Amino acid sequence: MTLQTSHILRDYMRPETLPTTWCAGCGLGIIMRSIVEAIHYQGLKKDDVAMVSGIGCTGRMSGYTDFNSIHTTHGRAPAFATGLKLARPDMQVITIMGDGDAMSIGGNHLISAMRRNMDITAIVVNNSIYGLTGGQSSPTTPMDSRTTTARHRTFERPMNLEVLARAGGAPFFARATVNHTASLTKLIERALNISGFALVEIISNCHVLYGKMNEQPVASGMIANMDKETMRSNPLLKKRASYPVRETATGKTYLRDSNSDAAQSSVAADTKDRGVIFENKGSVGFSRRYFSMLENIRAQKEHAGRPDD
Amino acid sequence: MAEFEVMYGNQAIAEGAIAAGCRFYAGYPITPSTEIAEILSDRLPEVGGVFVQMEDEIASMAAIIGASLGGLKSATATSGPGFSLMQENLGYAVGSEVPCVVINVQRVGPSTGLPTKAAQGDVMQARWGTHGDHPIIALSPGSVQDCFDLTVKAFNFAEKYRTPVIFLADALVSALQEKISVPHSSELDIYARPKPTESPEDYKAFAFTKGGVAPLATFGEGYRYHVTGLSHDEKGYPTEDSALVAQWWEHMHSKIEDNLDDILLYEEKQLDDAEIALIAYGGTSMAADHAVAIARQQGIKLGLLKLQTIWPFPEKRVKKLTENVNCIVVPELNFGQVRSEVERLSAGQAAVVGVNKADGNQITPAEILAEVTAQLRNTP
Amino acid sequence: MTEIRHGVFDIRIDKNYCKACGLCVAWCPQDVLAEDEELYPITPGLQNCINCKLCELHCPDFAIEILPPEHPEHSKYKEAN
Amino acid sequence: MRTATQRKTAHTDTWHTLMKVISDAAAPGDHAKLPLILTSLPELPEQDFPGPPISFIHGPPGRNIALAIGLGAALPDTPLLLIMNADAVTLGMNHLIHAARRNMGMTLLILRSEVTDAVEKSVVKRTNWHSYGFQESIEKKATPLELATSLEASSVSRGSIDDVPQLTQLISAAMAKPGFSMIGITSENRLPRGILSHTDLPEYFESYRRWSASLRQSMRVSDQSANPQPIVDKQNLSPSSRNVPRHEIKIAGIGGQGVKLAGSILSDAAGNLAGLWTTQRGSYGSATRGGPSVVDVVAGSRRIGYPGADNPDVLVVLNENSLQQFADSVKPSGYLIVDSDQVTSVPAKSLAIPIIKIAVEFVGKPIAAGIVSLGCIAAVADFVSLEAIKEMVALKLPRKMVAKNIDALVAGYTVTRTTLMGE
């Protein structure tokens, strides 16, 4: 594999919109690069890819990339993408959302899309803060950090996308950072090949707002920190996240008390895994199942000698 | 003794809310209203209030209804897209007569539009945004001073008439920095929520009084009652009895309409001898005010009616104005939402024209004057 | 194993795209890059470049490229052809 | 459309069982501990609730969870009991996950379809929480209990409408627990029942009150110890008696030249220190792209009606575009100050000052151009003194930047003065 030069990747961009409006050193540019790189390696045509984005700094990305692009309303990208995917099942639909976008206002759409296993590659950029509106707390803002709506520091436990993805039923969840660019590209490539709702959480930096208020004002320093803050595997977290109450359980009661390892780990600040966190190999996405179901209905009708009327 | 302070509009709204007794705020960040949330996240815990950043605007609106029923004066602040999301629960607050204040700092729409640029396109959304024909109160601040004073009024109206009050600010005033006089708390007229005097058994939380409202009992103080979005009787229990529903409507309309003298706020400037008048509101009224000053220097008999209460619309005053002047010019950052109201009331008495745009730029005094002089040429 | 080559690469920095964020300089393991007085990257150590592309991969603005000698836009390639 | 009464008579049994359970679970006799019931189900027989009278809120579908958050903030001692069905996991799913994550104090009963089936078959078939008609075969079931468990809700349990004693026990246990508790109510007896998971994390508003108590404490201390407003002398704030006509100032440049800050310093200096009425408004582009950045400051001894500097008395331009756009608007008696290095040709009747050069020389960055502009403005306008601006710079800038910026300010003032004399 030869790494591609910016020159080639810029073919996937809309030159008249560059440079981006993102702040200097913002990880969103690195993510955008990785996405187009993954699409390049996958040999996808620009015309076969749709990028649906929400609102926020991240939402601007669909404007810069030269795909079929929709810059939608706040939090609703998965719902727009659902409609698009069902109208054009052949299209590779990518949604790109920020953390507040995906998990706060769009939490319901995200869960519903997971539950349906809609064939969407969902990329959630997690920078722990609302960037475009000026640094307010988001659902992923870590405990005890400062934001413009928590000048006296946050006391809320943050949302963990991983547990949401597991409980919601997504078949694929991976986590990457903007520090680990090559692995980021590879994870996106893998997500593109999943049939169903593939979720990639990318830890990114907002050194301008989050960093400045939390002693990490320099982009390179904040990105380098991501190496320490994410780890390749965290058995405690795995144990905690793999604890589901299965509706179809065979009568066994899962009882967890607050003294267990899993509960202890959850009280501590979240350390995060990196890489593919889980993958359901047999996943078949909604649109494929839906259209094959329609196919079956038609076949049955023909068999019964009742042509469509 | 009032103190003088240099403040931004959003800051004046936040401080006005605290002064008015607001002790609960639930919101979601959205430009250009975010500073209100930021300031209140700082200030509310200091005065014993609660600030919660909710997961979206739908939840924010629901939470302030809950807090208000729990006895706290509550508010949320948002901008166009968030205001659209609040409409469902805003209707709930209207129907179940829960006092609260919804601050909408208007920006250019529709949809995401121009997030940082001012517009006045939500005038009709404030009136008709939620479904059903309901009365509503909407106030619009024309300066940073108004941001403070009218916020206090908004909370008073909300409590007095048990209704959501929409505070229709715009990015022109919210981002403006101005020196204002901040009244001392002893000088402020704050309406405290009255407590019911009757026994819990006799208490009718939704009494169909004419021209007024029953005191709203706080949950947990022994007055247990039912709150619903369904059409209800005086105790709050759902009903489909059309006679009761008709009584309810009469009560809902009369509590606002019988108190127009209190609710309708406007300022008049040199209207006594005016031959041509401006009707302006919100941030645009600042340019209109200046246009009057310049016109008077040039000998043009121009006057200004600055609306602070937009809904209910000051019909009587505007109708009288249409009888006294030849022409009314309505500058607004939309394509004629208030102008159409004025036209309706004028019914041909006076010519009504607009100065309209919604491209992110503001209306300048020069543009208003150009329209005024054009109208003067038209009328002999 | 690919052979590590030193000093044969061109580094192209497009100032129209560059926002002087300093990420490329921070990630360069060979001190190839440095900052000028306006914080834009310059290449005083070009002879040390090993084509690791960390700068390029970390550039959020597609502003920096490492060109190998066989690249049609590399200066040597242009000279030769 | 059937009336509520008709609906009720058809299904009174199930509801009365549930209401009985709730009134048994609620501590009898203790009025303060009576739960407040929030529901989206219009069928609930609130009028003939068997126990002591309980307040009901019949809220919008799905939104009850958010409504309860407001109530929780206002009523720390009242247990909140939510009775929901499909709406909790369709419209209300987002509210649910966030209330669970934050551990907002409430007890949520979710009636599984089999339970509500008994209430109204046709409607429930369509609003069944885990399936939508033919999509049933291809969609995963929504599993709110699983979500709440993952998000570490206070307690998550499952009970059966057929096992009243256990259900009563589960509801009273959940109501006794601070934080977010959820009970799925089913009649399918093959599913595991009882408490499925529980944690002892603090309730949200409990944490909030603890956290904010320290803030109030510190406020009170600082209130007592000293008047916490040393910034400006209040006496100077009231509008002065001297007669200052309306002054309009405009500074126009691009992002990154400190224009916004300069406007705010000038307006604060005029308003807070010179005792004038002032306004300040700006229009700013995106700083990273060097978009236009313009600020208007208006000051005078009469209240400012209109905050625009449409015909400025002093216009400072820091780039060519601004010059083209605003040069003609300056009052005939006004001053046009141009950064001589930034424009192609300096117009006649203007003061050419190398503003950005001075900024870079004294502070090292063009961001101080706004501060230098203030020096220039003080040199030509008399409504605010250089001293007042200096004082405001000292108040508004980070301490270590103050000295450099004041030097830049004075340099702007001196150079402008010299240029004026030279004319």
Side-chain angles (χ1 to χ4, degrees), chain B residues 3-6 24 26 44-48 50 52 54-56 58-72 74 88-89 92 116 143-144 172 175-179 200 218-220 222 224-230 236-240 286-287 289-290 293 362 364-366, chain D residues 1 3-4 31-32 34 36 42 46-47 53-60 63-75 77-78 94-95 97-98 204-205 208 211-212 215-216 219 234 237-239 263-264 267-268 271-272 276-282 284 303-308 310:
Chain B
E3 286 183 353
F4 295 90
E5 240 175 282
V6 178
F24 183 84
L44 273 175
E46 291 174 356
V47 297
V50 179
V52 202
M54 297 297 288
E55 58 269 21
D56 58 23
I58 303 171
S60 307
M61 188 67 214
I64 66 166
I65 294 172
S68 185
L69 287 170
L72 298 179
S74 316
E88 178 200 13
N89 291 334
Y92 184 87
T116 58
S143 63
V144 179
L172 287 181
L176 176 69
Q177 199 186 23
E178 187 183 337
K179 178 162 164 171
T218 298
F219 279 148
R224 284 181 296 277
Y225 57 98
H226 185 64
V227 183
T228 178
L230 287 166
Y237 294 123
T239 179
E240 288 175 17
M286 297 186 285
D289 184 283
H290 201 54
Q362 8 203 314
T364 62
Chain D
M1 179 77 197
T3 65
H31 274 222
L34 277 179
L36 178 59
E46 58 275 314
Q47 270 148 307
I54 288 184
S55 294
F56 273 85
I57 295 179
H58 174 205
R63 318 297 180 205
N64 278 312
I65 302 170
L67 215 121
I69 291 170
L71 281 161
L75 305 170
D77 300 325
T78 308
N94 202 24
H95 310 306
I97 59 173
H98 285 276
Y204 185 87
F205 286 114
Y208 185 93
W211 165 84
S212 65
L215 289 177
R216 295 181 73 184
M219 271 285 288
K234 288 277 175 195
L237 283 171
S238 51
S264 149
S267 145
D268 275 6
N272 283 338
L276 301 175
W277 290 103
T278 58
T279 60
Q280 179 266 118
R281 77 169 191 203
Y284 320 107
R303 209 167 201 169
I304 311 301
Y306 174 62
D310 293 358

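In the text below, chain A, chain B and the rest are named by the order of the sequence lines, each starting its count at 1. No experiment lies behind these values; they were computed from the predicted model shown.
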*Measure across D/Leu215 and B/Pro45 and return the closest heavy-atom pair with its distance rounded to 0.1 Å.*
CD1-CB, 3.7 Å
*Does the side chain of B/Ile58 reach to within under 4.5 Å of the side chain of D/Arg63, using non-hydrogen atoms?*
yes
*Between chain D and each of B/Ala175, B/Pro365, B/Ala59, count heavy-atom pairs under 4.5 Å; write down the option with the most.*
B/Pro365
_Which residue in the set B/Leu69, B/Leu72, B/Ile65 passes side-chain contact (heavy atoms from CB on, under 4.5 Å) when paired with D/Leu71?_
B/Leu69
*Are B/Val227 and D/Phe56 close enough that some pair of their side-chain heavy atoms sits under 4.5 Å apart?*
no
*Tell me, with the steps shown, if D/Ile57 and B/Phe219 meet side-chain contact (heavy atoms from CB on, under 4.5 Å).*
CA-CA 11 Å; D/Ile57 295 179; B/Phe219 279 148; 3.2 Å; yes
*Heavy-atom pairs under 4.5 Å with chain B, option from D/Ala68, D/Gly308, D/Ser264 with the top count*: D/Ser264
*asked:* Which one wins on heavy-atom pair count under 4.5 Å against chain B: D/Ile65, D/Thr279, D/Asp310?
replied: D/Thr279
*Give the minimum heavy-atom separation between B/Leu176 and D/Pro307, together with the two atoms involved.*
CD1-CB, 3.4 Å
*Pick from B/Ser74, B/Ala67, B/Gly236, B/Ser143: which one has the most heavy-atom pairs with chain D under 4.5 Å?*
B/Ala67
*Please name the pair of heavy atoms, one in D/Pro60 and one in B/Asn89, separated by the smallest distance, quoted to 0.1 Å.*
CG-OD1, 3.2 Å
*Tell me yes or no: between the side chains of D/Asn272 and B/Glu5, is some donor less than 3.5 Å from an acceptor?*
no
*asked:* At a heavy-atom distance under 4.5 Å, which candidate from B/Gly229, B/Ala287, B/Gly71 has the highest pair count against chain D?
replied: B/Ala287
*asked:* I'd like to verify something: which residue of B/Thr239, B/Thr218, B/Val52 has the highest number of heavy-atom pairs under 4.5 Å with chain D?
replied: B/Val52
_Taking side chain as everything from C-beta outward and backbone as N, CA, C, O, which of these in D/Leu36 sits under 4.5 Å from a heavy atom of chain B? Side chain, backbone, both or neither._
side chain
*Take the angle between the ring planes of D/Tyr306 and B/His290 and call it parallel below 30°, perpendicular above 60°, tilted in between.*
parallel
*Under the 3.5 angstrom rule, does the side chain of D/His98 hit a backbone N or O of B/Glu55 as a donor-acceptor pair?*
no
*Walk me through it: do D/Ile304 and B/Glu178 pass the test side-chain contact (heavy atoms from CB on, under 4.5 Å)?*
CA-CA 8 Å; D/Ile304 311 301; B/Glu178 187 183 337; 5.7 Å; no
*Measure across B/Tyr92 and D/His58 and return the closest heavy-atom pair with its distance rounded to 0.1 Å.*
OH-O, 3.0 Å
*Value rounded to 0.5 Å, distance of CH2 in D/Trp277 from CZ in B/Phe4*: 4.5 Å
*What pairs with D/Phe205 under ring-ring contact (aromatic ring centres under 6.0 Å, His included), at least two apart in sequence or on another chain?*
none
*Do B/Lys179 side-chain atoms and D/Gly271 backbone N/O form a donor-acceptor pair below 3.5 Å?*
yes
*side-chain contact (heavy atoms from CB on, under 4.5 Å) between B/Asp56 and D/His95: does it pass, once the steps are laid out?*
CA-CA 9 Å; B/Asp56 58 23; D/His95 310 306; 3.7 Å; yes
